[in-house]
Amino acid sequence: MGTVLLLIDNSNIFISGKEKYDDSSARFSYTKFEKICAGNDTIIGKIIAGSTPPKNDRFWTQMKEQGYEVCTYERVPTGNGHAKEKGVDTVLVTKGTRAIEKLKPSRVVLLTGDADFIPIAGIRDDIKAEGGDSFILDVWAFSNSMSQELVRVSDRDFTIDKHQETLVYFQGQDGRIEGFNEHYARIGEEKAAAERERRLKEEQKKEEEKAKEEKKPMKWYEIAGLIAVGVLSVGLGVFGAIYSDDSF
């Protein structure tokens, strides 16, 4: 059995998850991720960094309760109506470096697709160059945010997409939580119901238009046309009777 150090960029996972599924309610299960990424190895350190959440958000408190070393930073306005974190990547790399030196894990798991974490691969290479027992570097991220530069320097790379049914869930504004399959099954049912409703309304509209057409009073030329057709039919009938008479 080996030992694992987790280094997590929460903002990268949170934002890329929402973009991946085009859904602001998309969330990531760190508890389930630990089991998948660790396998039979033992997790000996967990560091997570990200933005300071709203005061009523218990996310970081929960992460501390689960044994994570938490690093949070205020988002700094960029002047264009947006904001970004300041120093998160640098601090996480620094803390990760210290944890590697102290804990000497056999494997480091980077949960981020950000190329700013390439220096962790440099630490691995330095340990190898010095003849020490280095570590395997695993990188996990959503496919839409996976840096190819980071992939190239890693030993192994994994996409969260392949484990989305287990790792991704959705949490509505009312706090209701849905599993991945449950969420999309509900959306599928809602779309099907909406389509049935649309078709029903369309059929009702056609029936109403047909009923109105049948109740609409006939115009004079429509009546005259019917009379003309009737007269013509009678005339042809009489004419046919005369010429079919054997006595003629």
Side-chain angles (χ1 to χ4, degrees), residues 6 8-39 48-63 66 68 75 78 80-85 109-115 138-148 150-151 156-216:
L6 297 183
I8 300 172
D9 178 359
N10 178 70
S11 295
N12 179 272
I13 298 303
F14 181 68
I15 294 172
S16 57
K18 291 195 298 181
E19 293 176 347
K20 173 71 179 177
Y21 302 103
D22 191 24
D23 193 327
S24 62
S25 69
R27 299 291 184 270
F28 184 81
S29 175
Y30 289 105
T31 301
K32 292 179 180 178
F33 175 72
E34 289 180 21
K35 295 178 181 178
I36 291 176
C37 77
I48 186 170
S51 300
T52 301
K55 293 181 180 180
N56 61 349
D57 193 324
R58 291 195 68 254
F59 174 74
W60 294 116
T61 300
Q62 292 172 343
M63 298 308 285
Q66 294 173 25
Y68 281 86
R75 294 184 70 82
T78 59
N80 58 356
H82 299 286
K84 66 178 181 179
E85 296 164 346
V109 174
L110 274 177
L111 182 53
T112 180
D114 196 332
D138 288 348
V139 172
W140 284 75
F142 284 104
S143 59
N144 59 312
S145 67
M146 180 77 85
S147 162
Q148 291 307 303
L150 186 57
V151 167
R156 301 184 301 183
D157 61 277
F158 306 88
T159 58
I160 295 170
D161 311 38
K162 293 181 179 180
H163 301 269
Q164 61 187 6
E165 294 182 2
T166 301
L167 297 176
V168 178
Y169 65 97
F170 297 84
Q171 183 171 0
Q173 294 182 350
D174 59 356
R176 180 187 177 190
I177 293 176
E178 292 180 315
F180 188 89
N181 292 332
E182 178 189 3
H183 179 74
Y184 283 104
R186 177 179 60 77
I187 289 178
E189 291 172 358
E190 289 176 351
K191 287 182 177 179
E195 178 62 17
R196 289 193 297 270
E197 181 69 18
R198 184 191 68 78
R199 290 181 179 180
L200 179 60
K201 288 182 178 179
E202 197 173 78
E203 291 175 1
Q204 290 175 339
K205 184 177 180 181
K206 288 180 179 179
E207 290 295 327
E208 290 172 359
E209 290 176 350
K210 182 179 179 181
K212 287 180 180 178
E213 192 67 29
E214 291 174 348
K215 292 180 180 180
K216 189 178 0 177

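The shown structure was predicted, so the numbers you read here are calculated from the model rather than taken from an experiment.
The side-chain hydrogen bond (donor to acceptor under 3.5 Å, both in side chains) check on E190 picks up R186, with sequence neighbours excluded. In terms of the salt bridge (charged side-chain N to carboxylate O under 4.0 Å, His left out) criterion, D23 has no residue partners (sequence neighbours excluded). Among residues two or more places apart in sequence or in another chain, the side-chain contact (heavy atoms from CB on, under 4.5 Å) test is passed with S145 by N12, S16, A141, F142. Judged as a side-chain contact (heavy atoms from CB on, under 4.5 Å), and not counting sequence neighbours, the contacts of Q148 are M146, V151, R152. Every residue two or more places apart in sequence or in another chain was checked for a salt bridge (charged side-chain N to carboxylate O under 4.0 Å, His left out) with E209, and none qualifies. In this structure, N181 has no side-chain hydrogen bond (donor to acceptor under 3.5 Å, both in side chains) partners at least two apart in sequence or on a different chain.
A heavy-atom distance below 4.5 Å is found between the side chains of I160 and L111. Two residues are said to be in side-chain contact when any heavy atoms from C-beta on lie closer than 4.5 Å; D138 and C37 fail this criterion.
S143 and K162 share no donor-acceptor pair across their side chains, judged by distance under 3.5 Å alone.
When all heavy atoms of E19 and N144 are compared, the pair lying nearest together is CB-ND2, 3.9 Å. Contact record, G50 with S11: CA-OG, 3.6 Å, taken as the closest heavy-atom pair. Across every non-hydrogen atom of F59 and I48, the tightest pair is CZ-CD1, 4.2 Å. Residues H183 and S25 approach most closely at CE1-OG, 4.4 Å, considering heavy atoms.
At distances below 3.5 Å, at least one donor-acceptor pair connects side-chain atoms of R27 with backbone N or O atoms of S24. The backbone N or O of A49 sits nowhere less than 3.5 Å from a side-chain atom of W60 that would complete a donor-acceptor pair.
The CD atom of E165 lies 11.0 Å from the OH atom of Y184; values are rounded to the nearest 0.5 Å. Rounded to the nearest 0.5 Å, atoms CD (Q66) and OG1 (T31) are 4.0 Å apart. Rounding to the nearest 0.5 angstrom, the gap separating the CD1 atom in I187 from the CD atom in E178 is 7.5 Å.
Below 30°, between 30° and 60°, or above 60°: for Y21 and F170 the angle between ring planes is above 60°, a perpendicular geometry.
A salt bridge does not link E203 to R199: none of the charged nitrogens lies less than 4.0 Å from a carboxylate oxygen.
Heavy atoms of other residues, nucleotides or ligands lying less than 6.0 angstrom from CD of Q204 number more than 12.
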Evaluate salt bridge (charged side-chain N to carboxylate O under 4.0 Å, His left out) for E195 paired with K191, printing each intermediate quantity in order. CA-CA 6 Å; E195 178 62 17; K191 287 182 177 179; over 6 Å; no

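Here the options are I36, T112, I13, the test is side-chain contact (heavy atoms from CB on, under 4.5 Å), and the partner is W140; only I36 passes. Exactly one of F28, F158, Y169 qualifies for a ring pair (Phe, Tyr, Trp, His ring centres under 6.0 Å) with F33. That residue is F28.
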